[in-house]
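Here is how names work: the chains are called A, B, and so on, in the same order as the sequence lines, proteins then strands, and each is numbered from 1. Computed over heavy atoms, backbone and side chain alike; hydrogens, waters and symmetry mates excluded.
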There are 2 protein chains.
Amino acid sequence: MSESEYLEAYDPRAFPAVAVTVDVVALTIIGGVLHVLLVERGEPPYAGRWALPGGFIRPGEDLDQAAARELAEETGMADRVHIEQLASYGAPDRDPRMRIVSVSYLAFAPDLPDPQAGSDAADAAWYGVDRLPKLAFDHEQILGHALERARSKLEYTPLATAFVGETFTISELRRVYEAVWGAPLHAPNFHRKILSVPGFVESTGETTESGGSRGGPRARLYRAGDARLLHPALLRPEREEEIR
Amino acid sequence: MSESEYLEAYDPRAFPAVAVTVDVVALTIIGGVLHVLLVERGEPPYAGRWALPGGFIRPGEDLDQAAARELAEETGMADRVHIEQLASYGAPDRDPRMRIVSVSYLAFAPDLPDPQAGSDAADAAWYGVDRLPKLAFDHEQILGHALERARSKLEYTPLATAFVGETFTISELRRVYEAVWGAPLHAPNFHRKILSVPGFVESTGETTESGGSRGGPRARLYRAGDARLLHPALLRPEREEEIR
DNA sequence: TTGAGATGATCTCAGTATGAGAATAACAAC
DNA sequence: GTTGTTATTCTCATACTGAGATCATCTCAA
């Protein structure tokens, strides 16, 4: 039997039926606090419960495209958003309807407008990661992994620049790290470090129009550099508990 | 409509039919060279072409379980094998049969016996990563991601100990790093570094029975410590090209 | 038996990176 | 003006890294 004959005779229903969804962990920083986008489910299962935005992949659509579409449906923004694949979850009973494998995505964006509830969602809102409601499905586990990944990526990639505007000050960048890592950083050392990592930021030659709202001199403005990896990396303050 | 009523009325066929497979990138070190396990496909599509071992997930089986099962079918070993999820691939046309989403896994093992060809494979063999045949599907892309992940994980986790036996010498550990990173390391500095990272290795108090085959004193033996993360990390020699 | 070569292990030294904090200057708000 | 805040630069002690010298121990072959 040739390859083409084989494919004609092939019966797709011979394989167990599985549905594939994408779920997006969209992060932004509001008021110095890391927030995640959640939607209130309008229909069973878990009707009324908050969950990560997501949905079934469509025929002819790649996984990345599906994730970008789901995110755009909730935020209205596809621009200036960094999105990357995270992990997949396929416990047999993770969805009461049927066998569903979920591919999770992580997205980062600068200060975003209020989210729009998508078609099958009752509501959508940004939640501070320290004030989360109980989530549907295994979404708490997914979110936990996503936060750890985000914290880790900040160490060795210039990802933090995805949370700020086109141009930014070193302090703005520092506040991103502080929000995601959840700990204050030593400002002078942070400043030295950022400027010493090749390709992380480049000076625009400009400064802010005025000092900060509570005083202080005008700050120099920078834009993202061309580095894809930070070397040497910015390491998080000690986390003894995670090592063993 | 209550949740239970909803679930009874639910029609799984309302969602697009997708099949989910797991593909395993199994790595080991043979003769100081990193090798990957490949199987020769016995049936279309890509009959006769080499591919990563893998297959469809079964009903009631978690993704991790499916990956471990596929690996065991080819190697006969489930013991002493580290396995972890890597990424998922779902381009609509990546398999000519139907829409297939593949969840890839990365596995590491010490020197393994010759592989067994599984049910639907014509043959199975270890290939040095520098002498690979042309692979089926998008498996070259998957393998590329897997190798990069493996190289990266060696930096900040004690993963290298999964490639050696229960007890090992510092030199054996160094040869793992050299094989995976594909570059020679400065032996004295490596030695100093391994012993200075808390929890990476612990001494057994023993030494090898004799010196190396080409001479040299007996080496001290160590076993894996209790660290889950290496701190500070072991960094790869400069890789300027990957930074920008 | 002996010498050559290989290997394990330790040490030195210079260069670089980090953590902690002092010091200086520019700004907002009162 | 005065006060408090913030951006930026410096200092200094400590830690980590790359490169290489040193030395003892072992295998192998002459």
Whole-Å distance between C/dT18 P and A/Leu234 CG? 8 Å

Which residue lies more 5' along DNA chain D, comparing B/Leu235 with B/Ser210 via nearest heavy atoms: B/Leu235

For nucleotides 2-11 of chain D, give me one character per nucleotide, 5' to 3': B if any protein heavy atom sits under 4.0 Å from the base, S if the only such contacts are to the sugar-phosphate, - if neither. --BBBSBB-B

Applying a 4.0 Å non-hydrogen cut-off, can you work out what B/Ser196 is touching in the nucleic acid: base, sugar-phosphate, or nothing? nothing

Can you find a side-chain donor-acceptor pair between B/Asp23 and B/Ser102 that sits under 3.5 Å? yes

Under 4.5 Å between any side-chain heavy atoms of B/Leu234 and B/Phe200, yes or no? yes

Quick one about A/Thr204 and A/Thr167 (side-chain donor to acceptor, distance below 3.5 Å, no hydrogens or angles considered), yes or no? no

Can you measure B/Leu185 atom CG to D/dA19 atom P for me and round it to whole angstrom units? 11 Å

Answer with yes or no after comparing the ring centroid distance for B/Phe190 and B/Tyr177 against a 6.0 Å cut-off, counting only values under it. yes

A/Gln141 and A/His139 side chains, donor-acceptor separation under 3.5 Å: no

Are A/His145 and A/Tyr89 an aromatic pair, judged by ring center distance below 6.0 Å? yes

Round to the nearest Å and state the distance from B/His186 atom NE2 to C/dA9 atom P. 14 Å

Round to the nearest Å and state the distance from B/His231 atom NE2 to D/dA15 atom C1'. 11 Å

B/Lys193 side chain: which of D/dC16, C/dA20, C/dT18 is closest? D/dC16

Could you give the CD-to-C1' distance, from A/Glu209 to C/dC27, as a whole number of Å? 14 Å

